[in-house]
Amino acid sequence: GHLNYSVRDGVAVIKFDTPNSKVNSLGEELSGEFEELVNKFIADTSAKSAVLISGKPGCFIAGADIKMLERCKTAEEATALSKSCQDLLFKVEKSSKPVVAAIQGSCLGGGL
């Protein structure tokens with residue numbers, strides 16, 4: 001997978017680490033996994049807070065996966081894709097538990 005989840009001393013650690021890639025980018029697979037882990041974190045009573053980190057030195061998230069964006073053939077498809085990403089980030093924002101992004105290095109576009 002693109003992400004790892006662990007809990008240490010009440011803190012959920014969600015690590016972005018796309019295999020066989022120098023950077024993490026927001027693609028369909030990563031977004032799907034992130035949504036699963038956000039739901040897991042929200043339901044995890046042992047996790048009182050979360051930190052988002054990158055397994056890539058010098059890069060948190062390089063932005064959206066260009067290939068995913070190129071597959072959008074209509075404005076409606078692009079709008080739906082954008083809205084689904086915004087909805088996921090809104091779920092993180094409205095979590096009753098604090099979530100911190102530990103950004104070291106580049107963080108572009110939707111990664112920010």
Side-chain angles (χ1 to χ4, degrees):
H2 297 264
L3 293 113
N4 299 308
Y5 180 92
S6 62
V7 179
R8 299 179 202 149
D9 299 321
V11 179
V13 177
I14 299 175
K15 182 191 288 186
F16 293 81
D17 198 2
T18 300
N20 306 313
S21 178
K22 291 181 182 178
V23 298
N24 297 310
S25 61
L26 297 173
E28 292 175 66
E29 286 182 28
L30 185 142
S31 295
E33 287 180 37
F34 184 54
E35 183 167 18
E36 288 176 22
L37 292 185
V38 166
N39 291 333
K40 181 176 181 174
F41 161 67
I42 290 170
D44 189 345
T45 56
S46 70
K48 306 302 179 201
S49 61
V51 62
L52 310 177
I53 64 172
S54 173
K56 306 295 182 196
C59 180
F60 185 69
I61 295 179
D65 178 357
I66 300 301
K67 291 178 182 143
M68 177 185 69
L69 298 177
E70 288 174 343
R71 285 194 290 276
C72 293
K73 300 300 180 200
T74 66
E76 290 78 15
E77 288 177 2
T79 299
L81 176 64
S82 177
K83 183 169 180 348
S84 69
C85 292
Q86 291 169 358
D87 289 347
L88 176 55
L89 294 177
F90 187 59
K91 182 184 279 192
V92 172
E93 179 182 336
K94 65 181 187 175
S95 167
S96 61
K97 303 176 191 181
V99 179
V100 174
I103 299 171
Q104 180 180 13
S106 59
C107 184
L108 306 169
L112 191 55

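Since the model is a prediction, treat every value here as computed from it, not as a measurement.
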K.L.:
What's the verdict on side chain to side chain contact (heavy atoms under 4.5 Å, CB included) for Glu36 and Lys40, showing C-alpha distance, side-chain angles and the deciding distance?
P.N.:
CA-CA 6 Å; Glu36 288 176 22; Lys40 181 176 181 174; over 6 Å; no

K.L.:
Should Val99 and Leu3 be regarded as members of a common hydrophobic cluster, given that ILVMFWY residues are connected when their side-chain heavy atoms come within less than 4.5 Å of each other, either directly or indirectly?
P.N.:
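As far as the 4.5 Å side-chain criterion goes, Leu3 and Val99 are connected within one cluster.
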
K.L.:
Measure across Leu89 and Phe34 and return the closest heavy-atom pair with its distance rounded to 0.1 Å.
P.N.:
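That closest heavy-atom pairing would be CD2-CE2, 4.4 Å.
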
K.L.:
Atom CG of Leu37 and atom CZ of Phe16: how far apart are they, to the nearest 0.5 Å?
P.N.:
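Leu37 atom CG to Phe16 atom CZ measures 8.5 Å (nearest 0.5 Å).
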
K.L.:
Over all heavy atoms of both residues, which pair between Ser21 and Lys56 is shortest? Give the atoms and the distance, please.
P.N.:
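That closest heavy-atom pairing would be O-NZ, 2.8 Å.
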
K.L.:
Tell me, with the steps shown, if Phe41 and Val92 meet side chain to side chain contact (heavy atoms under 4.5 Å, CB included).
P.N.:
CA-CA 10 Å; Phe41 161 67; Val92 172; over 6 Å; no

K.L.:
If I compare all heavy atoms of Val11 with all of Val51, which pair ends up nearest, and what's the gap?
P.N.:
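Smallest heavy-atom distance, with atoms named: CG1-CG1, 4.1 Å.
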
K.L.:
Checking Ser31 side chain against Glu28 main chain: does a donor-acceptor pair fall under 3.5 Å?
P.N.:
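Flag not set: sc Ser31 to bb Glu28 has no pair under 3.5 Å.
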
K.L.:
Taking all atoms of both residues into account, what is the closest heavy-atom pair of Ser25 and Thr18, and its distance?
P.N.:
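Taking every non-hydrogen atom into account, N-OG1, 4.4 Å.
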
K.L.:
Give me the atom names and distance for the closest heavy-atom approach of Ser46 to Val7.
P.N.:
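Minimum heavy-atom separation between Ser46 and Val7: O-CG1, 3.8 Å.
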
K.L.:
Please determine whether the number of non-hydrogen atoms from other residues, nucleotides or ligands lying under 6.0 Å from atom CD of Glu77 exceeds 12.
P.N.:
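Enclosed: over 12 neighbouring heavy atoms sit under 6.0 Å from CD of Glu77.
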
K.L.:
Is it the case that the side chain of Lys97 and the backbone of Ala47 share a donor-acceptor pair, with hydrogens and angles ignored and the cut-off at 3.5 Å?
P.N.:
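Confirmed, Lys97 side chain pairs with Ala47 backbone.
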
K.L.:
In sequence, state the C-alpha distance, the side-chain angles, and the governing distance for Lys91 and Asn39, and then conclude on side chain to side chain contact (heavy atoms under 4.5 Å, CB included).
P.N.:
CA-CA 9 Å; Lys91 182 184 279 192; Asn39 291 333; 2.7 Å; yes

K.L.:
Which pair of heavy atoms, one from Leu69 and one from Ala64, lies closest together, and at what distance?
P.N.:
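The answer is CD1-CB, 3.9 Å.
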
K.L.:
Between the side chain of Ser54 and the main-chain N/O of Cys59, is any donor-acceptor distance below 3.5 Å?
P.N.:
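Indeed, once roles are kept as given, a pair shorter than 3.5 Å links the two residues.
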
K.L.:
Give a yes or no on whether a salt bridge exists between Lys83 and Asp87, defined as a side-chain N under 4.0 angstrom from a carboxylate O.
P.N.:
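Looking at Lys83 and Asp87, the cut-off is met.
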
K.L.:
Report the C-alpha distance between Arg8 and Val13 in whole Å, list the side-chain angles of each, state the deciding distance to 0.1 Å, and finish with yes or no for side chain to side chain contact (heavy atoms under 4.5 Å, CB included).
P.N.:
CA-CA 7 Å; Arg8 299 179 202 149; Val13 177; 4.3 Å; yes

K.L.:
Honestly curious: do Val23 and Leu30 fall in one hydrophobic cluster under the side-chain, below-4.5 Å linking rule?
P.N.:
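No, it is not one cluster - the side chains of Val23 and Leu30 are not joined through contacts under 4.5 Å.
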
K.L.:
Hey, any chance Ile103 and Val38 share a hydrophobic cluster, counting ILVMFWY side chains that come within less than 4.5 Å of each other, even indirectly?
P.N.:
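Yes; Val38 is reachable from Ile103 via cluster members.
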
K.L.:
Is Met68 reachable from Leu108 through a run of hydrophobic residues whose side-chain heavy atoms are each under 4.5 Å from the next?
P.N.:
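Different hydrophobic clusters.
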
K.L.:
Which distance, rounded to the nearest 0.5 Å, do you find between the NZ of Lys48 and the CG of Asp9?
P.N.:
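Going from NZ on Lys48 over to CG on Asp9, the span is 12.5 Å.
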
K.L.:
Supply the atom-to-atom distance Thr79 OG1 to Gln86 CD, rounded to the nearest 0.5 angstrom.
P.N.:
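Here the interatomic distance stands at 9.5 Å.
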
K.L.:
With rounding to the nearest 0.5 angstrom, report the OH to CG distance, Tyr5 to Asp44.
P.N.:
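With rounding to 0.5 Å, OH (Tyr5) is 3.5 Å from CG (Asp44).
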
K.L.:
Decide whether Leu26 and Ile66 are clustered together by the hydrophobic rule: side chain heavy atoms of Ile, Leu, Val, Met, Phe, Trp, Tyr closer than 4.5 Å, transitively.
P.N.:
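Different clusters.
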
